[in-house]
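In what follows, residues are counted from 1 in the order of the sequence shown.
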Amino acid sequence: MLEYTKYISRCVQLARLGEYYVAPNPMVGAVLVYDSKGVNGLMGERIIGEGWHKEYGGPHAEVNCFASVREEDEPLVKESTLFVSLEPCSHYGKTPPCADLIIKKGVKRVVVGMLDPNPQVAGQGIARLRANGIEVVVGVMEKECRELNKRFLCLHEKHRPYVILKWAETADGFMDRKRSIPSAGNLTDTQPLVISTPLNKRIVHKMRAENMAILVGSNTALLDNPKLKTTHWVGRNPIRVLLDRRKRVPRESAIFSDDAETIVYSENTEWPFVLDDLAKRGIHSILVEGGAQVLNHILATGIYDEIHVEKGAMHIGEGVAAPQVLPSTSIKVDK
């Protein structure tokens, strides 16, 4: 019997190759395995096709998997098992239903890591396969498959983006020295305190590539004039989200440059409202790189999923205090 976990593990590995380009779609990998008796009656297994979802709007993992099968192996497809990390889709979106393609190819068995919570699928892909006589096994390495697509799952199960809070602080607990919002001709007090190491700066840009959106408040936009681009890692620039309740940030600021979309909230900057609106826009994840005021506001609501804190070695004695979180809160500390 085929070792299901081995091939679903390979699906997960393949799926991650599309990590920075498929959002808001899920990352998905697929493997096609032919299993037959070899010489001397020994069981033989051979991967005859592999694929993954490479970019949003492009062919799904199953399509790429079948397309990779060599011509001489085509007769083996109907005797093979298809492994896929997420339930095959059953609806017409940007591409035709993968369930229909699987049925057309005539594979005998499909092993699925987890069901797709998207209401357009939600078990319908599995049902269609079974209705056409295909054996379907569901729930292999489900925990790993869920971790792979935690952002996509959050959008469809909690109906909000996956939220990651990130900040750097000194050894004595400050995010920055105290600075004033610059005025025309006065930029002497606007340079931020540099806490991040070059390595951790790359980690932050990796996080930007992994999430669909990045958020700051008006103070950060005015003090630092950040571009919020992904420049120290591969991947797309995230959608920029600005909380600007008093409409203070001028349109010539870097956050409004045309290399990425910018969404501004001014009439209502309450966190539940912002998350609900972002979810309606199909944004499945957001990295919060705001200042203390924004971070403390979000922490007070309790609506977030991860906290990443970089602890620097310097002491500055006084400044802008870093957010305080409960001892029971799970925090990843980068040093």
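For residues 263-273, the salt bridge (Lys or Arg N to Asp or Glu O under 4.0 Å) pairs, not counting sequence neighbours, are Lys247-Glu267. Applying the salt bridge (Lys or Arg N to Asp or Glu O under 4.0 Å) definition to pairs two or more places apart or across chains, those involving residues 17-33 are Arg16-Glu19.
Scored by the salt bridge (Lys or Arg N to Asp or Glu O under 4.0 Å) test, Glu318 finds no partners at all (sequence neighbours excluded). Under the side-chain hydrogen bond (donor to acceptor under 3.5 Å, both in side chains) criterion, Thr81 pairs with Arg109, not counting sequence neighbours. The salt bridge (Lys or Arg N to Asp or Glu O under 4.0 Å) test applied to Arg130 returns no partner, not counting sequence neighbours. For Asp73, the side chain to side chain contact (heavy atoms under 4.5 Å, CB included) partners at least two apart in sequence or on another chain are Arg46, Ile48, Val69, Arg70, Leu76. For Ala254, the side chain to side chain contact (heavy atoms under 4.5 Å, CB included) partners two or more places apart in sequence, or in a different chain, are Asn225, Lys227. In this structure Glu50 satisfies the salt bridge (Lys or Arg N to Asp or Glu O under 4.0 Å) test together with Arg10, sequence neighbours excluded. Scored by the side-chain hydrogen bond (donor to acceptor under 3.5 Å, both in side chains) test, Thr262 finds Arg240 as partners (sequence neighbours excluded). For Asp116, there are no salt bridge (Lys or Arg N to Asp or Glu O under 4.0 Å) partners two or more places apart in sequence or in a different chain.
Listed by chain and number, the hydrophobic cluster partners of Val234 are Tyr20, Tyr21, Trp233, where partners are ILVMFWY side chains within reach of under 4.5 Å, directly or through others. Under a 4.5 Å side-chain heavy-atom cut-off, the cluster of Ile, Leu, Val, Met, Phe, Trp and Tyr residues that includes Ile316 is completed by Phe174, Leu193, Ile195, Met314.
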Take Ser218 and Arg248 through the side chain to side chain donor-acceptor pair (under 3.5 Å) test and state the conclusion after the steps.
CA-CA 7 Å; Ser218 57; Arg248 296 184 297 160; 2.8 Å; yes
